[in-house]
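Input: a single structure, listed below in structure tokens.
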Amino acid sequence: MTKYFVLIILAILVLSACSGPGVMQSEQRPLEGINITLDPGHGNTQAYDSFRIGPGGEREEWINLRVAKILARKLSRAGANVLMTRTRDQDVSLGGRASLAIGHHSDLFVSIHHNGSENDPDMDLPIVYFFGPASMNPASVDFAKILLDSMRAKMIFEQQEAGAVYSDHLIYSSGTSVLRNTVNEMPGVIGEGGFFTHPAGESRLQLKEYNQLEADIYFKAILEYFKRGAPSAKPLVPDSLTFIDLGKPLEFELDDGFGNTFFEEYSFKVLQDGVEIPTRWNSKAGILTATPDSSIEKTVTFQVFARNLRGNAMHPVLLEYMTETGYKWYSREKWFDAYKEAESLYSQITSRNPIALESQIVLIDSALHFYQLSLELQFVHPQARHAEEKILWLLQEKQNLLNIDLSEAIESQKERLEEYYPE
Ligand SMILES: [Zn+2]
């Protein structure tokens, strides 16, 4: 096998890891192996943000971080792989938070916030936001409802009976950045566990015991959600970024979250570019067959909807393919997108903003993925040498940071540079 082949296989492994559905869960430890990203909202905004502060001087970003840290420990103990978008009072860009969640292949994204009111110090109630509309995001809504119910049952609010699950389109017409940029891949919510502008609310939120209570509520809601299983649909076609024949039926292998095929009978739906197409469910085989509209050119997207018998909806991950006629058009456009993404990740890695080692590794792996992807998508790649050099640097950086032996991959990348790009 040539070195070049090894690289291609590596790239394919990275690709398939990106598109795979969640792991099969165990009944006893429902969080075992589940990837969760916790996003403590804001961070290090004291210099310019005079709004997110309570009457007693407590800042929202501090509360968010305290709750998230306790929650991260609880989740890790239960077997989940937890990634935090920040672990100290640090400003992380909204786009950076979403890329971290995607790089972590998260099964759930939880952004932890607390609310404030500029003109009503009496206001104090919980809100959980999902990326709207609800019909397009049923798994996030399922989780949001579980979380809100337990906040209302166990936490203290001035308006104890109030509180709601809302679409984030009520805040901004295109929704919130973190949920919009993660929704194609994973369910997610923004939790607002009370108002820091309410004087008694702020005092509560300053208490370590109350932060622990709140973290426990998130923990139990996450546990309850995954107990019901996170259903997934695996397309039985080549990985996304390859092209498919729309003249043939499209098959998806469904899993209710426990390796079974127990789904509500009338819950199946497949959308092609947002429009429902005919489906047929074979419960014995666990295969959902869809008949695509073959008149489409260029790229095409699919989303699968179903609800398992424990009441949990599948998150309709956006599956993107190209049709044969659109392949050339697609790769011409996409190699540059991939390259641009890689460059942006690279500049985050080399920026002077210190971040946690775990996050740095996620960024490095994502950057490697996108540089390799750009090379695969475009044979005549104007920035090819540059991309290959960056891949070498990233491998070396990863080896140094993790203190592991990547010498084989590094050597083969060096050879590749010499053989294919002689100066
Ligand atoms: Zn906030």
Side-chain angles (χ1 to χ4, degrees), residues 36-72 83-98 100-101 108-132 140 143-144 147-148 151-152 155 157-159 162-183 188-199 201-207 210-211 213-215 217-218 221:
I36 296 175
T37 295
L38 299 182
D39 174 42
H42 319 290
N44 193 24
T45 63
Q46 277 154 283
Y48 56 89
D49 188 335
S50 57
F51 168 64
R52 289 182 183 84
I53 183 167
E58 181 68 21
R59 298 190 63 83
E60 185 204 335
E61 54 207 345
W62 301 341
I63 310 168
N64 300 341
L65 183 59
R66 285 200 299 271
V67 174
K69 277 183 158 175
I70 304 169
L71 176 58
L83 179 76
M84 292 180 71
T85 56
R86 66 181 179 97
T87 50
R88 50 188 192 81
D89 194 12
Q90 168 197 11
D91 193 7
V92 181
S93 73
L94 293 173
R97 291 168 197 255
L100 284 170
L108 183 66
F109 175 79
V110 182
S111 190
I112 295 172
H113 286 252
H114 293 82
N115 228 328
S117 168
E118 253 166 314
N119 46 30
D120 187 357
D122 290 332
M123 192 182 283
D124 181 35
L125 49 91
I127 298 177
V128 182
Y129 291 105
F130 60 93
F131 185 82
S140 303
F143 175 66
L147 179 59
L148 180 82
M151 279 180 172
R152 288 177 61 189
M155 291 172 75
F157 304 102
E158 184 70 34
Q159 287 88 39
V165 165
Y166 286 139
S167 165
D168 66 351
H169 285 46
L170 293 172
I171 323 178
Y172 307 108
S173 60
S174 58
T176 53
S177 170
V178 286
L179 294 184
R180 182 177 57 251
N181 289 313
T182 51
V183 72
V189 301
I190 294 176
E192 305 262 8
F195 278 62
F196 55 82
T197 43
H198 181 272
E202 181 195 28
S203 304
R204 278 192 290 275
L205 292 167
Q206 281 174 315
L207 292 175
Y210 195 72
N211 297 156
L213 171 80
E214 185 175 345
I217 280 162
Y218 273 95

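Sequential numbering from 1 along the given sequence is applied to the chain's residues. As the structure is a computational prediction, the values presented were derived from the model and not from experiment. Start at 1 and go down the list; that is how both ligands and their atoms are numbered.
A ring-centre distance under 6.0 Å is found for Phe131 and His169.
Between Tyr129 and Tyr166, the two ring planes are tilted [angle within 30° to 60°].
For His113, the N/O/S atom at the shortest distance from the Zn ion (ligand 1) is named ND1. The Zn ion (ligand 1) sits nearest to atom OE2 when only the N, O or S atoms of Glu60 are considered.
Among the backbone and side-chain atoms of His114, no N/O/S atom is found under 2.8 Å from the Zn ion (ligand 1).
Taking a 6.0 Å sphere around OH of Tyr172, one finds it holds 12 or fewer heavy atoms contributed by other residues, nucleotides or ligands.
Leu213 is listed as a side-chain neighbour of Met155, based on a closest heavy-atom distance under 4.5 Å.
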